[in-house]
K.L.:
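Can you read through this structure? Questions will come right after.
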Amino acid sequence: MQRKKISKSDLGRWLDSVAEKYELVGPTKDEEVHLFGPVSSGAEMDLEYSNSLIPPKSLFFPQVEGLFAFHKRGKEIELEEAKPLEKDRVVVGIRNCDVRSLSLLDRVFLDDLEDSYYRERRDRTALIALACPTPPRSSCFCTTFGIDPLSPEGSDILLIDVGDLYLVDVVTERGQELVALGEGLFTTLTEAEEKELQPPPVDMPALDVGELKERLDALWEDGYWDKLSLPCLGCGICTYVCPTCHCFDISDVGSTSAGIRYRCWDSCMYGDFALMASGENARPSRRERMRNRYFHKFSTFPSRYGTGYACVGCARCLVHCPGGVEITEVIKDILGKEGVSDG
Amino acid sequence: MQDRLRETVRQILGGGGMAYFIGYAEGAEPHRVVPCFVTEESEVENLVWGPLCVQNLSKYVLRGRDLEGKVGVLVKGCDARAIVELVKQNQINREKVVVVGVPCQGQADPRKLGRVLGPDLERVSRVEDAGDEFLVTVGEESRRVAKEDVLLDKCFHCRHPLAFEYDFTLGDVVPFEIEAGEPEYAAVERLEGLPLEERRAFWQKQFGRCIRCNACREACYACYCEECIFDRKAPRWLDRPPLLPENELYHLIRAVHLAGRCIDCGECERVCPMNIPLSRLYKKVQKDVAELFDYEAGMECDSVPPLVNFELDDQGPFM
């Protein structure tokens, strides 16, 4: 890994030259909501942000995507495959919690049965991560899951804001190619700068979640889920804003002679999520749905994929839940203790 | 007030026969207040009351209607309108609900508070009512924020700061003075005044942003259909993808279905993660119902909602 620097005033110029070759994607603000989307220049992005409402998982696994179109010609059926991307992409400003979430989603979409749509988007997208501001948002708890908001892990380039300039950690070859597009804009750090220009350490309390799975597994029949589900309204916010939630439904639109097969995010918090054609509902009440969500994050997912927990501490669900269900409180309840350690 | 609230709830629970009492508690961070379900006396201490108790808890009353015991609920004057409507629409048995009315001095809109305080919102440890302003404690520092700057829009035109329908009341409203702001329907009238194409563009932009998380529907006290048209599988009236035509139908069907029943509690807009100005849509529906039928939902116990009423001498000028 190589560390360089770029002045804030030059960042836009660099990104503009990146945009000439790639589809540039970054956080923009509309109606006070930050979302990732395509931009035509660096200036359109708002990098002075905390995080996007919808996680950048949507860039790899969009809320709705056509899988293929079908046309019936006589007795023949023609299929037309969807093209996930027109151009290679560069995503700027992704936070480390969301970078980690992609490594978790990789297990779902790339292990065993490979999902070609996800694969293409993942392979053709470079990630320029942006280290989190200090202090972080008070609700953030990524360090609980061993995530370092300043780590270059999983991205091609990491930008660290240190006032008037960004430190630029170039991690991969793809990252080097991108930096090469900004010839003359990047400089190496002097020895004095190496010492002086250091991001302040992240001060974020971390919970000790080592025993979370074991403790949770013992609570399957516990009355806790009855109580926890009382304030849940049954909307889909927590799952749609979650960077690791990945459930979807597949359906057709059109007619029997022509149409599109698409997939669309689904939410395990919806009453019809586990409703079967027979009329039987495997999770008939909010109690089962709520329990399922936490079991999936903290027990089923890690068991199935051999990874860590399927939560990255972004706190989106906690901040946006209209019923005030707070995942940090749920974790503390499961652990059966109030204390916060330094993890 | 908070002490009085806790004392009252203790008394209610002590009387027996209660499934739970629904009030407010401090969230994991003090700038968030969350719904709180109290079943035991030991939990009464969790209950709080203050200017951040924005949620209308009536939906939870509806949810608890089939429980064996009674459901108690803390209501502001505006929320009580939902209880009145739920009774009128035969959705709850008033005998099974214990309504505690709290005098409200106006509630702080978390979004507006965020605009005024910026990132300091996260460091807020306390918000207190101080007449025409709120006293906001940020870290060690105490700041005064004018109510005009942060009150929920609906509070500017509040007609019932204290519930008129209750079993227990926690006291009287202390009068306070704030600038009235713009007239109640001014924002709606501005939209009405735009040419059709501009109005359409405004709503298409807003509906185009909808992610169809259903939060507006789930938070709405009046969404109690056993099978919602949007969930129907066969025939499927509305596809799930959040595309503009579907989203438009979703919001317009809801709006029309709530005509004469929307009480302007603002929960739909509050819960919308995309900040879609849904209150403006529903304000338009209220305005139309007021003009056409001279009716306002939830304001009296004995009036009949116009769209469930049938009169032989109805002039029906629109038919």
Side-chain angles (χ1 to χ4, degrees), chain A residues 30-33 35 50 53-54 58 62-66 133 135-141 226-228 230-241 248-249 251-253 262-267 269-272 275 277 286 315-316 318-329 332, chain B residues 19-20 22 24-37 39 43 55 57 59-60 63-64 111 114-115 119 121-124 205-206 209 211-220 223 227-228 231-234 236 239-243 246 267-268 270-277:
Chain A
D30 186 22
E31 306 280 347
E32 302 188 326
V33 174
L35 295 174
S50 59
L53 171 77
I54 302 293
S58 64
Q63 183 166 9
V64 55
E65 78 177 305
R137 283 187 317 173
S138 59
S139 47
C140 287
F141 60 106
D226 291 304
K227 181 109 186 166
L228 185 67
L230 285 175
C232 171
L233 288 169
C235 75
I237 291 180
C238 56
T239 52
Y240 286 180
V241 302
F248 59 83
D249 200 7
S251 205
D252 291 350
V253 279
Y262 67 87
R263 69 173 163 200
C264 180
W265 292 356
D266 202 349
S267 171
M269 305 314 278
Y270 292 156
D272 59 5
L275 178 66
R286 282 183 192 82
R316 288 182 177 96
L318 181 162
V319 170
H320 295 286
C321 175
V325 178
E326 298 174 305
I327 192 167
T328 45
E329 299 308 289
K332 284 182 211 165
Chain B
Y20 44 64
I22 315 157
Y24 304 94
E26 211 170 72
E29 294 174 282
H31 68 270
R32 269 199 307 274
V33 164
V34 299
C36 173
F37 291 72
T39 44
E43 297 164 324
Q55 296 98 329
L57 303 172
K59 185 68 182 250
Y60 296 122
R63 290 269 172 82
R111 287 193 180 105
R115 267 171 236 150
L121 177 68
E122 295 193 336
R123 300 200 299 123
V124 167
K205 185 199 169 212
Q206 296 299 341
R209 297 168 56 249
I211 58 170
R212 293 266 295 289
C213 63
N214 293 335
C216 49
R217 176 185 74 176
E218 299 303 335
C220 180
C223 274
E227 189 182 30
C228 175
D231 292 337
R232 189 94 198 240
K233 299 283 181 293
R236 188 176 232 183
D239 274 321
R240 180 163 283 167
L243 305 174
E246 277 82 6
E267 280 291 279
C268 49
R270 177 187 74 82
V271 301
C272 177
M274 294 299 290
N275 290 353
I276 298 173

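Each chain gets a letter, A, B and so on, in the order the sequences are listed, and its residues count up from 1.
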K.L.:
Heavy atoms only: give me the nearest A:I237-B:C213 pair and the separation to one decimal.
P.N.:
CG1-SG, 3.6 Å
K.L.:
What are the two closest heavy atoms between A:P136 and B:E122, and how far apart are they?
P.N.:
O-OE1, 4.4 Å
K.L.:
Using non-hydrogen atoms only, which part of B:R270 is less than 4.5 Å away from chain A: side chain, backbone, both, or neither?
P.N.:
side chain
K.L.:
Side chain, backbone, both or neither: which part of B:I22 has a heavy atom under 4.5 Å from chain A?
P.N.:
neither
K.L.:
A:Q63 versus chain B, heavy atoms under 4.5 Å apart: side chain, backbone, both or neither?
P.N.:
side chain
K.L.:
So which part of A:L35 gets closer than 4.5 Å to some heavy atom of chain B, the side chain, the backbone, both or neither?
P.N.:
side chain
K.L.:
Which bit of A:D249 is near chain B, if near means a heavy-atom gap under 4.5 Å: side chain, backbone, both or neither?
P.N.:
side chain
K.L.:
As an exercise: rank A:G236, A:G324, A:G234, A:P231 by heavy-atom pairs under 4.5 Å with chain B and give me the winner.
P.N.:
A:P231
K.L.:
Measuring heavy-atom distances to chain B, does A:T239 have an atom under 4.5 Å in its side chain, in its backbone, in both, or in neither?
P.N.:
neither
K.L.:
Tell me, do B:E29 and A:E326 make a side-chain contact under 4.5 Å, heavy atoms counted?
P.N.:
no
K.L.:
Counting only heavy atoms closer than 4.5 Å, note whether B:R63 contacts chain A via side chain, backbone, both or neither.
P.N.:
side chain
K.L.:
Can you tell me which portion of A:C264 sits under 4.5 Å from chain B's heavy atoms? Options are side chain, backbone, both or neither.
P.N.:
side chain
K.L.:
Work out which heavy atom in A:G323 is nearest to a heavy atom in B:P35; give both atom names and the distance.
P.N.:
O-CD, 3.1 Å
K.L.:
Are the side chains of B:K205 and A:D30 in touch, meaning some heavy atoms are under 4.5 Å apart?
P.N.:
yes
K.L.:
Any non-hydrogen side-chain atom of A:V319 less than 4.5 Å from a side-chain atom of B:R32?
P.N.:
yes
K.L.:
Minimum heavy-atom separation for A:Y270 and B:R240, please, with both atom names.
P.N.:
CD1-NH2, 3.8 Å
K.L.:
For the SG atom of B:C228 and the CG atom of A:D272, what is their distance to the nearest 0.5 Å?
P.N.:
10.5 Å
K.L.:
To check you understand the geometry: which heavy-atom pair defines the closest contact between B:H31 and A:S138, and what is its length?
P.N.:
CE1-OG, 4.4 Å
K.L.:
By a 4.5 Å heavy-atom criterion (distance strictly below it), what part of B:F37 contacts chain A: side chain, backbone, both, or neither?
P.N.:
both
K.L.:
Do B:R236 and A:S251 have side chains that get closer than 4.5 Å, going by heavy atoms?
P.N.:
yes
K.L.:
Just give me the residue among A:L53, A:L233, A:V64 that pairs up with chain B most often, heavy atom to heavy atom, under 4.5 Å.
P.N.:
A:L233
K.L.:
Pair A:Y262, B:D239 - check side chain to side chain contact (heavy atoms under 4.5 Å, CB included), show working.
P.N.:
CA-CA 11 Å; A:Y262 67 87; B:D239 274 321; 3.6 Å; yes
K.L.:
Given heavy-atom pairs under 4.5 angstrom as the criterion, report whether the side chain, backbone, both or neither of A:R137 touches chain B.
P.N.:
both
K.L.:
I'd like to verify something: which residue of B:I211, B:V271, B:D231 has the highest number of heavy-atom pairs under 4.5 Å with chain A?
P.N.:
B:I211
K.L.:
Does A:L230 reach the side chain of B:Y20, with side-chain heavy atoms less than 4.5 Å apart?
P.N.:
yes
K.L.:
Flag the pair B:R209 / A:V33 as yes when at least one side-chain heavy-atom distance between them is below 4.5 Å, and no otherwise.
P.N.:
yes
K.L.:
Heavy-atom distances under 4.5 Å only: say whether B:E267 touches chain A with side chain, backbone, both or neither.
P.N.:
neither
K.L.:
Let's test your reading of the structure: which of A:S267, A:S139, A:C321 forms the most heavy-atom pairs below 4.5 Å with chain B?
P.N.:
A:S139
K.L.:
For each of B:A215, B:P241, B:G27, tally heavy-atom pairs with chain A at distances under 4.5 Å, and name the one with the top tally.
P.N.:
B:P241
K.L.:
Got a second to check how far B:E43's CD is from A:K227's NZ, nearest 0.5 Å?
P.N.:
3.5 Å
